[in-house]
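Keep in mind the model is a prediction, meaning the values are calculated, not measured. Every number for a ligand or one of its atoms is a count from 1 in the order of the listing.
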Amino acid sequence: MSPQTDGPDDGRLFEIFFDLVRLGSEPGNEGEVCAYIREFCTALGFAVHEDAAAAATGSECGNLVVRVPAGTFSSLPPVILCAHMDTVKPSDHVIPFDLGDRFVSMSDTVLGADCKAGIASILATVEKLIEAGGPYRALELIFTVQEEPGLVGVQSLDMELVDGKWGVVLDGSGPVGEIVIEAPSQEKLKFTIKGRAAHAGVEPEKGANAIVCAARGIAGIPTGRLDESTTSNVGLISGGVAVNVVPESAQVECEIRSMSDERLEAERERLLGSFEKASQEMGCELVVEASRSFDHFKLDAAATPVHYLARALKESGFEPALAMSGGGSDANVLNSRGLQIAVMNIGLINAHTKEEYILKDELTGVARTVTSLAYMAGEEGSVRA
Ligand SMILES: [Zn+2]
C-alpha cells in the first residue's frame with residue numbers, strides 16, 4: 001500500500017469513534033450525531049444536505065447527504081458510502097472503555113459500534129483524504145435516521161439528492177472481509193382474533209376463546225429456518241383480560257423472510273390458511289394486516305461495488321469473502337431504488353446487546369479499507385475502461 005493510502009491515524013479514528021458513541025442516538029433522537037457530522041463535514045469544506053425525512057419519520061433530523069469532491073479533476077460519479085445514525089436501546093450515556101484490544105461500554109448500555117464504527121471510519125477517511133490529497137474518487141456520504149426500527153429513514157431518503165450509482169453500506173455484524181451481496185425480503189403479518197367473552201366457570205360454552213384460536217393458528221405452521229433461504233418467526237403475542245374470563249381478543253405478530261418472493265408468498269399463504277382454519281373451527285373472527293418491510297436484493301459477484309470492495313479489502317490485509325445475510329439493512333432499500341450497493345461487515349460483535357464490542361484492529365481495518373476504496377475507485381476510468 002502506498003503511504004497515500006495508509007488508513008487514517010489510529011488515534012484520530014478512535015477519538016472520532018469515542019466522540020460519536022458518547023452522543024445520544026436512540027431511534028428518533030439522532031439530532032446530536034447529525035449535528036456532529038454536519039459540523040465535521042462543513043469544517044472540511046463539504047456541502048451537507050439534509051432531506052425532509054424528519055417530518056416523515058418523526059426524527060429530530062433528516063437523512064444527511066454529504067458531497068466530497070474528487071482529489072483531482074474527474075468526471076466519474078461519486079461512490080456512495082452509507083451508515084445509519086441511530087443505535088438500538090439502551091444507548092444513552094454510553095461510557096466507552098479501552099480494554100486493550102477492544103472497545104466496550106462501561107455503562108449499562110450497548111456500545112453503539114453498530115453503526116458508529118461505520119460513521120467514524122467514514123469521517124476519519126474523508127479527513128485523511130483531504131490531508132493526503134491525490135487521485136481519490138468523489139464520494140457521496142449518506143447518513144440515515146431510524147434504520148434499526150426497520151429501515152424507516154432510508155425509505156424517506158430524497159433520491160434527488162443522490163448522484164452516485166454504486167457504493168457500500170458500512171453495517172453488518174461479522175468479521176471484516178465479508179461482503180454481503182444478498183439479503184432477503186421481509187414481510188410482517190399481524191393477526192387480530194376476535195372471539196366471544198364468557199364467564200370461564202359458569203358458562204364457558206357461550207365463549208369463543210381467542211387465545212386458544214391463536215395457539216391453534218401458530219401450531220399449524222412451521223417456524224424458524226424453513227429452508228436455506230427462508231425463515232419465519234412468531235415474535236409477539238398478547239390477549240385476554242383475566243384468568244376467569246374466556247378471552248375475547250388475541251393478537252399475534254409474525255414475520256417471514258426469504259431470498260425468493262415465491263417462497264415468501266407460499267409461506268404467507270400457509271400462515272394465513274392456518275389462522276383462517278383455526279378461526280373457522282373456533283367461531284372467531286380474523287383480521288389480518290400484512291405489510292412488506294423491505295425487498296430482497298442480490299448483487300452479481302462481478303458487480304462494481306463488489307469488485308472494488310474486494311480489492312480494497314485485500315489491499316488492507318483482509319481475505320474478501322462473499323456472503324448472504326438474513327438481516328435487512330439500508331442496502332435493501334437503496335438497491336430497490338436502482339443503485340448497486342454491497343454491505344461491508346464492520347466487525348461488530350454481539351451487536352444489539354450490552355456485551356457488544358469491537359476489536360481495535362477491525363475498526364482500523366475498516367477505515368483503511370474505505371480509504372483504499374476511495375483511491376482505487378478513483379482509477380475506475382483507467383482500470384475498467
Ligand atoms: Zn446497524
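Among the atoms of Glu148, no N, O or S atom is found under 2.8 Å from the Zn ion (ligand 1). Taking 2.8 Å as the threshold, Glu147 does not count as a candidate ligand of the Zn ion (ligand 1), since none of its N, O or S atoms lies below it.
If you check the side chains of Asp261 and Ser185, you find a donor sitting under 3.5 Å from an acceptor. For the residue pair Asp295/Ser336, the side-chain donor-acceptor check at 3.5 Å is not satisfied. Under the 3.5 Å distance criterion, with hydrogens and angles disregarded, no donor-acceptor pair is assigned to the side chains of Thr57 and Ser156.
Residues passing the side-chain hydrogen bond (donor to acceptor under 3.5 Å, both in side chains) test with Lys89, sequence neighbours excluded: none. Residues passing the side-chain hydrogen bond (donor to acceptor under 3.5 Å, both in side chains) test with Ser121, sequence neighbours excluded: none.
Of all the N, O or S atoms in His84, the one closest to the Zn ion (ligand 1) is NE2. Nearest N, O or S atom of Asp114 to the Zn ion (ligand 1): atom OD1. If you look at Asp171 and ask which of its N, O or S atoms sits nearest the Zn ion (ligand 1), the answer is OD1.
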